[in-house]
Amino acid sequence: LTVPVTKRTAEWGWLEYLLQASCSTFKIRMRAAWSVANKRFNTEFETRCKGMPQLHAWLPVSELPLGQSVQDICRNGFRQGHKGVSFHIGNLQLPGLHAAGRDQGNERGYGVRSHGRTLPAGRRLYEFLLCRVGVGRSYMVESISEAQNLTLPPEFDSFFVRHSPANEQAVEEEYPGVLPRHVLHQEYMVRDPAQALPIYLVHFEYDPDMQEQLTLPLCDSCGIQAAVLYCEADDAILCRACDSRIHSANKLASRHVRVDLNKRPNAQLGKCPEHPTVDAELYCIDCKLPICGHCTKLGSHSSGEAARHRHIGLREAYQTAVQSSMDNTKNLLSDRQRVEIKMVAELDRRLGYVQESTQALQDTVYDRIQGAVHQAQELAEKQASIFFADELEAKRQIDQSAWMATFLEDEVKSLPPAEFLDNWLRHAKVREEADLLGVLAKPRASSSLRLEGGLRLLEDTAMTTPRGPSAAPQKHFKLDG
């Protein structure tokens, strides 16, 4: 059963914002969306993936697995089979998106192969499925072909395909007016159909000729880098490098007050959503929308209940929302990152302990028999891979939080207040959804390797007091015989 998503609702805004964040562009506009939730599949998914980390992943309809159609997947679910289905998390690279001026050797996310359906004036129409994917504890591999030929160990729920470390860093853009952005590209493969739930079918339009709202004006001094500061004394917009050079020239220049570009006095406020050719002047507190003079005199806020809504100046609303977004993001990231960093440190400590214990055991076993050494290595690697998988997930959530925060910072710097206020609510919805899905599993209890008597290597499992729903039994590796 498909249910159309109504435009200008929180649900519509969340989907469009997630698309724009994934593609790092505002040249995307959703044309239609449908909820394709299936009650039976949802029950199976919630049962299978309860307590495990879950992610949202876009899947181009042109790249559906095993020749399945959208209707078939919505009606019968995914048919993974032995090889499984691959899902890409983070940035999507549409064909031709930011291609000019870039180093083609640097990947900017998952490269969508389809060019979509051609529309007039060079626009293109794409069709994507949005899925919830329960990744759980992931087994790391080097390539998708390696995952297709492996049996997934029973302690794991999915494969994680390693991509180039360079793709996990903030990449300098090589075209004018765009700040460096954080690139996120992670790939998971699942084999259990109950771990992949299609939830939305989306049609969106990409217009390569549309003006990119996420670009900034160029620096008045160098004319190369994006301007991020405004100096009222010089009436100039400057990049950070030129600002530092110019205002460190002498004591008088160093006294000039500079503000962020979006805080300059003559910054444009943007257009009214209801009257795109008219500048917005006010912000309706009740509707949470920018409005203009036409709205209050002849438009949507001129009569009825809307005429009694509370209004404030658009610039005041913008400054309040920016400050609130920064404070909330800072507090949220601080709290989450504190937990995630602590988790990574603990997992790293346990991983190191396992590795140290492994080496100590190897030293003892090598004195007795080489065969026992080989057996010890297999058990230790099995234990270490589980801790490494948990550490990987914690790091992924840190990376995803930073990715979303960077996208919000780009909006604050580059969008007019009207567009920012509209998109701030969408950002909050995306962040809320990410928080609900990103459940960190508690680390497994410490494991140790010890030598007892003979030369028979045993994996002794003893239950410990669980510290959470995902607490795992403690395992001791020992020699016996």
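Only a predicted model underlies this, so the values are computations on that prediction, with no experimental measurement involved.
Annotation: Lys263, atom NZ; neighbour count of heavy atoms from other residues, nucleotides and ligands within 6.0 Å does not exceed 12. Taking a 6.0 Å sphere around CZ of Arg29, one finds it holds more than 12 heavy atoms contributed by other residues, nucleotides or ligands. Few gaps surround CD on Glu63; more than 12 heavy atoms of other groups in view lie less than 6.0 Å from it. For CD of Glu146, the number of neighbouring non-hydrogen atoms (other residues, nucleotides, ligands) closer than 6.0 Å is greater than 12.
Ring orientation note: the planes of His309 and His301 are nearly perpendicular, at an angle over 60° on the 30°/60° scale. Note on ring orientation: taking the six-membered ring where Trp is involved, the planes of Phe156 and Tyr139 are perpendicular (angle over 60°, cut-offs 30° and 60°). The aromatic rings of Phe128 and Phe204 sit perpendicular to each other, their planes meeting at more than 60°, with 30° as the lower class boundary.
For the pair Glu187 and Ile89, the minimum side-chain heavy-atom distance is 4.5 Å or more. Counting only heavy atoms from C-beta outward, the side chains of Leu347 and Lys342 never approach each other to under 4.5 Å.
When each of Lys395, Glu393, Gln400 is tested with Gln397 by the rule side-chain hydrogen bond (donor to acceptor under 3.5 Å, both in side chains), just one qualifies, namely Glu393.
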Derivation of the side-chain contact (heavy atoms from CB on, under 4.5 Å) call for Ser86 and Phe159: CA-CA 9 Å; Ser86 179; Phe159 287 103; over 6 Å; no
Intermediate values then yes/no, salt bridge (Lys or Arg N to Asp or Glu O under 4.0 Å), Glu16 and Arg426: CA-CA 8 Å; Glu16 188 172 55; Arg426 300 180 178 189; 2.7 Å; yes
Kindly list each side-chain donor-acceptor pair under 3.5 angstrom involving residues 280-300, sequence neighbours excluded, with atom names and distances?
from   : atom 1 : to     : atom 2 : distance (Å)
Asp286 : OD1    : Arg310 : NH2    : 3.3
Asp286 : OD2    : Arg310 : N      : 2.8
Thr296 : OG1    : Gly293 : O      : 2.9

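Remark: the backbone N or O of Val5 is not paired with any side-chain donor or acceptor of Thr9 at under 3.5 angstrom. Listed for the Arg40 side chain is no donor-acceptor partner under 3.5 Å among the backbone atoms of Asn38. Judged by distance alone, the side chain of Ser69 and the main-chain N or O of Asp72 form a donor-acceptor pair under 3.5 Å.
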